[in-house]
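Just so it is clear, the structure is predicted and the values come from calculations on it, not from any experiment.
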Amino acid sequence: MAASKASSIGVLGILAVLLIGFALIVLVEFIIPAVAILLLISIGGMLARAVNDTHECEGRFGMSLLWGFLWATVYTGPVAVIILLVVIALQNNR
């Protein structure tokens, strides 16, 4: 009976190590690159918006600041929400 219990604990330990290894592989191979791609798309959108500005903000500091804040929020907000959801999901799996 004791050997059976010890062997089942050993098997569970091996399965736990394999599961943690698989979770690390998924994190490194999928989640981190996905966040990096989202950041790249976000930064590209911000740069394109700044270069192709049609809001006639030239010489108007307040208007430039307003549009800069608006588009920075629009582009970085969704990335911040995604990162927050990933952090919450990882904390709930502990």
In the hydrophobic clustering that connects Ile, Leu, Val, Met, Phe, Trp and Tyr at side-chain heavy-atom distances below 4.5 Å, which members other than [X] occupy its cluster, ordered by chain and number?
X	result
V11	L15
L18	I14
L85	V81
I20	L24

Just jot down the side chain to side chain contact (heavy atoms under 4.5 Å, CB included) partners of [X], sequence neighbours excluded, or say none.
X	value
I88	L84, N92
L70	W67, V74
L65	F61
V35	L39, I83

Closest approach of I31 and V86, non-hydrogen atoms and distance?
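So the minimum-distance heavy-atom pair works out to CG2-CG1, 4.0 Å.
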